[in-house]
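Okay, structure first, notes after.
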2 protein chains.
Amino acid sequence: MRFSLKSEYALLASLDLALHASASKLARTSDVARRTGAPAKFLETVLGQLRRAGLVESERGSRGGHRLALAPSRIGAGDVVRAVEGPDGVAVRPVRRRPAPGAAAGSVRALHHLWTEAERALAASLDGVSLEDLTRRVQESSGVPDFSI
Amino acid sequence: MRFSLKSEYALLASLDLALHASASKLARTSDVARRTGAPAKFLETVLGQLRRAGLVESERGSRGGHRLALAPSRIGAGDVVRAVEGPDGVAVRPVRRRPAPGAAAGSVRALHHLWTEAERALAASLDGVSLEDLTRRVQESSGVPDFSI
DNA sequence: TTAATTCCTACTAAGTCGATAGGGTTACTA
DNA sequence: TAGTAACCCTATCGACTTAGTAGGAATTAA
């Protein structure tokens, strides 16, 4: 039930662009890869998905690179996750490949409600944090040693 | 990022035991399978996991079957999910197979916090609903209790 | 002893994940 | 206008997970 590593890479990359790129200064894939620890070739596809989702802009050519397409305050962590995990990226409910033949309708309805509430809670948690919030946390914690595990 | 169908089957089965089994009247795997729409053989393994997690009791032999090991009010949906999805069943954060070599430590810490909050929200949502709550919803939505065997 | 039932181990087809490979396309610069 | 640096696209791959299936051993009531 975990998010894929792609989500972690996408968030690290978005955060990296918020910290190291601007309208005038683009960030190269290779630099983002070095700073985030993501494989460069794999990061290419991640940045492509962020671009197609409208969260990132790019310029091709010899001085090309990437930057955020919106202000960091207008991009939520949930947006980034949905961009790479697909439209149902923060969905949680199990899916039946084959339709259920004799499943008790009342119980299925009760579970439907349970899953819907769980999805709402998860989405609210991710959507409540913007890239701006994350950059602030990074800057606040910089220089402070990490005692967490 | 979805829970596996096992979680749905496990919840349907638990709910089925709450509705159709008691200390004196056990429910057979085959009957639970028929009522829930789960493949009987697959349901066997699911009930086995619920039993090993201490949520379900069973009796072997010719008049054997399953019942809940605790009152429905004392079993949360999260307990059922964790029983079949494993100890990290409601975890959400991506895992790195290989350790990250050069990942920006500050950003990773900020994401660690993000994932922790998401996991807390998801777990709280699932742990906040008991099997008793679910049975009540089932009975309310059907209007008529289900006495089928 | 026989029938019914749970319990256990192993196997498998299909799908997903986390990459890697090999180029094609675009645009800046000299 | 040639070279080159960068983004962009498709295909492939090994490892792992999912959703079952198969076959039987152990246990108990009748």
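All chains are named by letter (A, B, ...) in the order of the sequence lines, taking the proteins before the strands, and each is independently numbered beginning at 1.
In this entry the distance linking CG of L43(A) with P of dT20(C) reads 12 Å, nearest Å. Between the CE atom of M1(A) and the P atom of dT16(C) there is a distance of 17 Å, given to the nearest Å. The distance between atom CZ of R28(A) and atom P of dC28(C), rounded to the nearest whole Å, is 16 Å. Taking atom NZ of K41(B) as the reference point, atom P of dC8(C) lies 12 Å away to the nearest angstrom. Protein atom CZ of F3(A) is 12 Å distant from nucleotide atom P of dC17(C), rounded to whole Å. Distance E8(B) CD to dG20(D) P: 12 Å, rounded to the nearest Å. Atom C1' of nucleotide dT9(C) and atom CZ of F42(B) are separated by 16 Å, given to the nearest angstrom.
Across all non-hydrogen atoms, the minimal contact from L126(B) to F3(B) is CD1-CZ, 4.0 Å. Minimum heavy-atom separation, A13(A) to L43(A): CB-CD1, 4.0 Å. A pairwise comparison of heavy atoms in G64(A) and R28(A) identifies O-CG, 3.8 Å as the closest pair.
Contacts between residues 76-86 of chain B and DNA chain D, counted as heavy-atom distances below 4.0 Å, involve no residue at all. A heavy-atom distance below 4.0 Å to DNA chain C is reached by these residues of residues 47-68 of chain A, ordered by number: R60(A), G61(A), S62(A), R63(A).
Between the side chain of E132(A) and the backbone N or O of P72(A) there is no donor-acceptor pair closer than 3.5 Å. Using modelled atom types, one side-chain atom of S14(A) and one backbone atom of A10(A) make a donor-acceptor pair closer than 3.5 Å. For R2(B) (side chain) and R93(A) (main-chain N/O), a donor-acceptor pair under 3.5 Å exists by modelled atom type.
Using a cutoff of 4.0 Å between basic side-chain nitrogens and carboxylate oxygens, E140(B) and R137(B) are not scored as salt-bridged.
Within 4.0 Å of T45(B), counting heavy atoms only, lies no atom of the nucleic acid at all. T29(A) comes within contact range of the sugar-phosphate backbone alone, with a heavy-atom separation under 4.0 Å but no base atom that close. Within the 4.0 angstrom heavy-atom criterion, only backbone atoms of the sugar-phosphate kind lie near Y9(B); the bases stay farther away.
Between T29(B) and E44(B), the side chains place no donor N or O within less than 3.5 Å of an acceptor N or O (distance only, hydrogens not considered).
Nearer the 5' end of DNA chain D, as judged by each residue's closest nucleotide, is the contact made by R97(B), out of R97(B) and L5(B). Residue-to-nucleotide proximity on DNA chain C shows that, of E44(B) and P94(B), the 5′-proximal contact is made by E44(B).
A heavy-atom distance below 4.5 Å is found between the side chains of H112(B) and T116(B).
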